[in-house]
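Chain naming here is simple, since letters A, B, ... match the order of the sequence lines and numbering starts at 1 in each.
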Amino acid sequence: MPELPEVETVVKGLRPKMENCTFSRVEQRRKNLRIPFPRDFVERLENSTITSLWRRAKYILAELDSGEVLLMHLGMSGRFTIDETPPEQSGASPGRHDHVIFHMNNGAVITYTDPRRFGLMTLIDATRFHNHRLLKNIGIEPLGNELSGTFLAQCFAGKKTSLKAALLDQKNIAGLGNIYVCEALYRSCLSPLRRAATLARPGARAVERADGLAIAIRNVLSDAIAAGGSSLKDYVRTNGELGYFQHRFDVYDREGEECRRKTCSGRIKRIVQSGRSSFYCPRCQR
DNA sequence: CGGCATACCTGCAAGC
DNA sequence: TGCTTGCAGGTATGCC
């Protein structure tokens, strides 16, 4: 499920068990995920210490004292689970989709599970990670200071594509996925079909529209992060699972149901845009 | 270059 | 029950 809020929640959950901790043992149970694991992946991790753990877009980055950065992505179905009892003591054996197991020097066993294997793990040089092919073209962080109506208006100026596609494009804004784009557009009363450039088109409403969208994006994401934190209780479930939380969506997966806006009598519609579902209220989103 | 379709892989729910 | 189909929250690539 991972979009920005889920990845943020995973990072917060992993931090107490990984930051300033050392990899005692690493199990790599297959040779690739979406991309191959790097050469000597296990050897390069073992006995190195994580100096800091953070998120950029939907990537999780662990800076190591070896001078490398461990770069991880959850893809569509990746998740981490933290166990305090080593499997050899609890008697549990790894599942078919448990691809990487980190044994930390604090006793935590952190398992990466990913049925669809759209996730990835790789190691990159700390001095050059900004220029790494996976990170260099990524857009602004939506929870940082750069996101504003002015930014969106400029960024989308001249774009013929839809607002939906423009918001999904990680080169513009990093971390939004299908769900939160649908939710942000709903909150700002903008249609996913609207041409991105019209956000900036001069006119009385243009500033309002762009500012409204910027605020909606920020609020949707921070609400989801807050919900994740509270429903996971310090970001870790009792079963150790991280990053999966129930969140009540206004439009996502609500095809045919009533619009939640009190002043609106519309019904949520599902359409397909560039091969993905968009959910919106055709009555109040314009 | 923009915009779209496609591919990667597995699991699950719905339909027959 | 069992088979087939379509769909899933991400991203890179290739084609026009």
Side-chain angles (χ1 to χ4, degrees), chain A residues 1-10 29-37 55-60 71-80 94-100 112-122 132-139 142 155-186 192-198 217 220-221 223-225 227-228 231-232 241-256 268-280:
Chain A
M1 91 189 305
E3 297 185 31
L4 184 152
E6 291 76 26
V7 177
E8 183 67 27
T9 303
V10 168
R29 306 190 61 248
R30 53 176 300 123
K31 62 179 188 303
N32 66 291
L33 294 172
R34 195 181 87 210
I35 62 172
F37 284 94
R55 178 193 60 74
R56 167 78 174 111
K58 297 170 195 167
Y59 288 94
I60 299 168
L71 181 67
M72 300 177 276
H73 196 289
L74 302 173
M76 297 266 264
S77 58
R79 64 195 138 87
F80 282 100
R96 185 153 87 97
H97 303 301
D98 295 344
H99 305 308
V100 180
Y112 177 72
T113 309
D114 186 0
R116 291 176 75 180
R117 306 204 301 274
F118 287 174
L120 67 88
M121 286 194 196
T122 194
H132 189 273
R133 66 180 183 94
L134 295 170
L135 297 174
K136 69 179 174 199
N137 292 321
I138 285 177
C155 184
F156 292 177
K159 287 201 192 303
K160 286 195 201 141
T161 194
S162 65
L163 264 187
K164 172 76 189 293
L167 290 170
L168 227 33
D169 188 340
Q170 304 295 298
K171 292 192 286 303
N172 298 326
I173 304 173
L176 292 175
N178 204 31
I179 293 180
Y180 295 108
V181 167
C182 291
E183 296 297 309
L185 286 169
Y186 174 75
L193 294 164
R194 173 190 274 270
R195 278 184 51 177
T198 67
I217 290 168
V220 157
L221 297 177
D223 286 357
I225 291 171
S231 76
L232 276 181
E241 230 174 67
L242 285 174
Y244 279 59
F245 47 86
Q246 293 305 317
H247 194 65
R248 198 177 164 72
F249 301 120
D250 285 328
V251 286
Y252 184 80
D253 208 19
R254 292 193 65 239
E255 182 180 16
I268 306 308
K269 189 174 173 188
R270 184 180 85 96
I271 58 170
V272 175
Q273 291 179 283
S274 42
R276 331 239 359 214
S277 291
S278 291
F279 298 88
Y280 75 112

A/E3 side chain to A/I179 main-chain N or O, any donor-acceptor pair under 3.5 Å? yes
Taking the side chain as every heavy atom from C-beta outward, state whether A/L4 and A/Y180 have any pair of such atoms under 4.5 Å apart. no
Between atom CG in A/N32 and atom P in B/dA7, what is the gap in whole Å? 19 Å
Once you round it to whole Å, what is the distance between P of C/dG9 and NZ of A/K58? 10 Å
Donor-acceptor contact present, side-chain A/R117 to main-chain A/G78, <3.5 Å: no
For atom P, what is the distance between B/dC9 and C/dC3, given to the nearest Å? 24 Å
Answer yes or no: side-chain N or O of A/R116 and base N or O of C/dA8 forming a donor-acceptor pair under 3.5 Å. yes
Counting just side-chain N and O atoms, does A/Y252 come under 4.0 Å of either OP1 or OP2 of C/dG9? yes
Counting distance only, does the side-chain N/O of A/K164 pair as donor-acceptor with the main-chain N or O of A/S277 below 3.5 Å? yes
Contact class for A/R96 (heavy atom, under 4.0 Å): base, sugar-phosphate, or nothing? sugar-phosphate
Rounded distance (Å) that lies between atom P of C/dG9 and atom CG of A/L221: 17 Å
Kindly express the pairing pattern of DNA chain B in dot-bracket notation, using | wherever a base pairs with another strand and counting only Watson-Crick or G-U pairs under 3.5 Å. .|||||||.|||||||
Taking the C1' atom in each of B/dG3 and C/dG9, what is the distance between them to the nearest angstrom? 22 Å
Between A/F118 and A/S274, which is nearer to the 5' end of DNA chain B once each is assigned its nearest nucleotide? A/S274
Nearest-0.5 Å distance that lies between atom CG in A/L134 and atom CD in A/Q170: 12.0 Å
Looking only at the side chain of A/T161 (C-beta and beyond, no hydrogens), which of the listed nucleotides C/dA8, C/dG10, B/dG3 gets closest? B/dG3
Just the rounded figure in Å: distance from C1' of B/dC9 to NE2 of A/H99. 10 Å
Determine: side-chain N/O of A/S277 to OP1/OP2 of C/dC7, distance under 4.0 Å, yes or no. no
Using the ring of each side chain (for Trp, its six-membered ring), is A/Y59 parallel, tilted or perpendicular to A/H73, with breaks at 30° and 60°? perpendicular
If you check the A/L134 side chain, which of C/dG10, C/dA12, C/dC7 turns out closest? C/dA12
Of all the choices, B/dT10, B/dG3, C/dG9, which nucleotide is nearest to the side chain of A/R117 once you look at every atom? B/dT10
Taking atom C1' of C/dT11 as reference, at what distance in whole Å does atom CG of A/L33 sit? 14 Å
Phosphate-side-chain proximity, A/Q170 and C/dG10, N/O vs OP1/OP2 below 4.0 Å: no
Rounded distance (Å) that lies between atom P of B/dC1 and atom NZ of A/K160: 15 Å
A/H73 side-chain proximity, nearest of C/dT11, B/dC9, B/dC4: C/dT11
Once you apply a heavy-atom cut-off of 4.0 Å, does A/L74 come out as touching a base, just sugar-phosphate, or nothing? nothing
Quick one, A/Y112 and A/L74 - any side-chain contact, counting heavy atoms below 4.5 Å? yes
Short question: side chain of A/E183, backbone of A/Y252 - any donor-acceptor pair under 3.5 Å? yes
Value in whole Å for how far the P atom of C/dA8 lies from CD of A/E6: 17 Å
Using OP1 and OP2 only, check whether a side-chain N or O of A/R133 sits under 4.0 Å from C/dA12. no
Starting at NE2 of A/H97 and ending at P of B/dC12, how long is that distance when rounded to a whole Å? 8 Å
